[in-house]
Amino acid sequence: MSTYQEFMDEKLKIDAFINDGYTIHLIKGTLEGDIVEFTKTDNIADKQSILLKDANSRKYVTTILIKKQLQKN
């Protein structure tokens, strides 16, 4: 799989979680990539996670977090 295709697959998964009402709860760095944990906004016990291997996907998640912080202020 190409790097671009890997990024697009991971980005689509991230966007699907966000569109389904999940928010980013935790990001944990590992040697294999970053594990991003999502929780439902209205039910924190509802958790999903994804392993991001592509560097651009990790940047995308960071961008989402920064954008969310800027909207709060």
Side-chain angles (χ1 to χ4, degrees):
M1 180 183 325
S2 72
T3 302
Y4 176 75
Q5 188 59 48
E6 184 176 21
F7 164 67
M8 288 306 296
D9 289 346
E10 293 176 352
K11 181 184 181 299
L12 289 173
K13 290 177 186 176
I14 294 164
D15 290 342
F17 283 132
I18 299 294
N19 291 334
D20 285 343
Y22 286 89
T23 57
I24 298 168
H25 177 72
L26 174 75
I27 300 176
K28 183 178 184 181
T30 68
L31 294 176
E32 292 84 27
D34 286 354
I35 298 170
V36 180
E37 187 177 284
F38 296 87
T39 56
K40 263 302 198 189
T41 305
D42 57 352
N43 181 7
I44 199 158
D46 187 1
K47 296 180 182 180
Q48 299 288 334
S49 63
I50 183 175
L51 174 64
L52 301 179
K53 295 181 180 181
D54 186 74
N56 289 319
S57 300
R58 296 190 301 266
K59 291 177 195 173
Y60 181 64
V61 167
T62 304
T63 302
I64 292 171
L65 284 174
I66 292 170
K67 188 175 181 180
K68 185 177 177 182
Q69 287 296 320
L70 291 175
Q71 289 175 348
K72 285 183 179 180
N73 295 331

Side-chain donor/acceptor pairs under 3.5 Å, residues 48-55, sequence neighbours excluded:
| from | atom 1 | to | atom 2 | distance (Å) |
| --- | --- | --- | --- | --- |
| Asp54 | OD2 | Asn56 | N | 3.0 |
| Asp54 | OD2 | Ser57 | N | 3.3 |

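- Put simply, the side chain of Val36 does not reach to within 4.5 Å of the side chain of Ile14, judged on heavy atoms.
- Put simply, Tyr4 and Val61 are part of the same group of oily side chains (I, L, V, M, F, W, Y) that touch within less than 4.5 Å, one to the next.
- Across all non-hydrogen atoms, the minimal contact from Lys40 to Tyr22 is N-CD2, 3.5 Å.
- Within the 4.5 Å cutoff, the side chain of Phe17 has no heavy atoms near those of the Ile24 side chain.
- Thr23 places no side-chain N or O within 3.5 Å of a backbone atom of Thr41 that could act as its donor or acceptor partner.
- Judged as a salt bridge (charged side-chain N to carboxylate O under 4.0 Å, His left out), the pairs with a partner in residues 58-73 (not counting sequence neighbours) are, in order, Asp34-Arg58.
- To the nearest 0.5 Å, atom OH of residue Tyr60 and atom CG of residue Leu65 are 11.5 Å apart.
- Cluster membership check: Met8 shares its hydrophobic cluster with Ile18, using side-chain heavy-atom separations under 4.5 Å among Ile, Leu, Val, Met, Phe, Trp and Tyr.
- Under 4.0 Å is where a charged nitrogen must lie from a carboxylate oxygen, and between Lys13 and Asp9 no such pair does.
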